[in-house]
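Computed from a predicted model, the values in this text were never measured in an experiment. This chain uses plain numbering: 1 for the first residue, then up along the sequence.
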Amino acid sequence: QVQLVESGGGAVQAGGSLRLSCAASGLTFSSYSMGWFRQAPGKEREFVGGISWIGVRRYNADSVKGRFTISRDNLKNTLYLQMNSLKPEDTAVYYCAARRGTDIATMTTGYDYWGQGTQVTVSS
């Protein structure tokens, strides 16, 4: 059974940083491309960024503009999202997702497995 478990969310002031983690089990992690999405209240789930199985990265430039960094540790079966210079508009539930295949998808329909999400709240 595939499980993706996010952690590291919380409340932070604007300008602060958080590091999210996503622990994966039940799949051959190194063979999956991974993505981070977020969903704010009343909004659709939005692509934040993704990383392919070989480490190629892609970001939603409009929303993260160099503030966020995605990484993965295939030995630990863990995906990370380092978030710096956080803004109130970054407030959302953050989800990690796994996709069979070598490329990065930006649509939610491109992913096979999802975590339950972790809340990030940024106050001004």
Query raised in the report: So, Thr91 side chain and Thr121 main chain: donor-acceptor pair closer than 3.5 Å or not?
Result: no

Query raised in the report: OG of Ser63 to CG of Asp90: how many Å apart, nearest 0.5 Å?
Result: 7.5 Å

**Report entry** Any side-chain heavy-atom pair of Tyr95 and Arg45 under 4.5 Å
**Finding:** yes

Query raised in the report: To the nearest 0.5 Å, how far apart are OG1 in Thr118 and CG in Leu81?
Result: 11.0 Å

Query raised in the report: Where is the tightest heavy-atom contact between Cys96 and Leu4, given as atom of each residue plus distance?
Result: SG-CB, 3.7 Å

Query raised in the report: Between Phe29 and Trp53, does the ring centre distance come in under 6.0 Å?
Result: no

**Report entry** Beyond-backbone contact of Ser71 with Arg57, side-chain heavy atoms, under 4.5 angstrom
**Finding:** yes

Report task. Starting at CD of Gln82, measure out to OG of Ser21 and round the result to the nearest 0.5 Å. Result -> 9.5 Å

Report summary line: Heavy-atom nearest pair, Phe68 first then Tyr59, reads O-CE2, 3.4 Å

Query - Validation row, ring centre Tyr111 to ring centre Phe37 under 6.0 Å - result: yes

Report summary line: Taking every heavy atom of Leu20 against every heavy atom of Gly9, the minimum-distance pair comes out as CD2-N, 3.6 Å

Query raised in the report: Can you name the nearest heavy-atom pair linking Gly110 to Ala105, along with the distance?
Result: CA-CB, 4.0 Å

Query - Under the ring-ring contact (aromatic ring centres under 6.0 Å, His included) test, residues paired with Tyr113 that sit two or more places apart - result: none

Report task. Working to the nearest 0.5 Å, report the span between CZ of Phe47 and CG of Asn60. Result -> 7.0 Å

Query raised in the report: Shared ILVMFWY cluster between Ile104 and Leu79, side chains joined below 4.5 angstrom?
Result: no

Query - Single-linkage hydrophobic cluster Val93~Leu18, side-chain heavy atoms < 4.5 angstrom - result: no

Requested in this report: Test Met83 against Arg19 for side-chain contact (heavy atoms from CB on, under 4.5 Å), laying out the working first.
Outcome: CA-CA 6 Å; Met83 305 186 294; Arg19 188 194 196 201; over 6 Å; no

**Report entry** Euclidean distance, Gln39 CD relative to Gln119 CD, rounded to 0.5 Å
**Finding:** 11.0 Å

Requested in this report: Verify the cluster assignment for Val48 and Tyr80: are they in a single hydrophobic cluster under the rule of side-chain heavy atoms below 4.5 Å apart?
Outcome: no

Report task. Indicate yes or no: at least one non-hydrogen side-chain atom of Gln116 is less than 4.5 angstrom from one of Val5. Result -> no

Query raised in the report: Does a donor on one side chain sit under 3.5 Å from an acceptor on the other, for Asp73 and Thr78?
Result: no

Query raised in the report: For the hydrophobic clusters of this structure (ILVMFWY residues joined by side-chain heavy atoms under 4.5 Å, transitively), does one cluster hold both Trp114 and Ile70?
Result: no

Query raised in the report: Which heavy-atom pair separates Pro88 from Ser124 by the least distance, and what is that distance?
Result: CG-CB, 3.9 Å

Query raised in the report: Is the CZ atom of Arg58 crowded by more than 12 outside heavy atoms at less than 6.0 Å?
Result: no

Query raised in the report: Counting distance only, does the side-chain N/O of Arg67 pair as donor-acceptor with the main-chain N or O of Ser85 below 3.5 Å?
Result: yes

**Report entry** Donor-acceptor pair, side chain of Glu6 and main chain of Gly117, under 3.5 angstrom
**Finding:** yes

Query - Residues forming a salt bridge (charged side-chain N to carboxylate O under 4.0 Å, His left out) with Glu89, sequence neighbours excluded - result: none

Query raised in the report: Under the 3.5 angstrom rule, does the side chain of Asn77 hit a backbone N or O of Ser25 as a donor-acceptor pair?
Result: no

Requested in this report: For Ser33 and Arg72, work out which heavy atoms get closest and say how close.
Outcome: CA-NH1, 4.1 Å

Requested in this report: Flag the pair Arg100 and Asp112 as a salt bridge only when some basic side-chain nitrogen lies within less than 4.0 angstrom of an acidic carboxylate oxygen.
Outcome: yes

Query raised in the report: Considering the options Leu27, Ile51, Val2, Thr102, which one meets the side chain to side chain contact (heavy atoms under 4.5 Å, CB included) requirement together with Tyr32?
Result: Leu27

Requested in this report: Look up atom CD in Glu44 and atom CD in Glu46, then write down how far apart they are to the nearest 0.5 Å.
Outcome: 10.0 Å

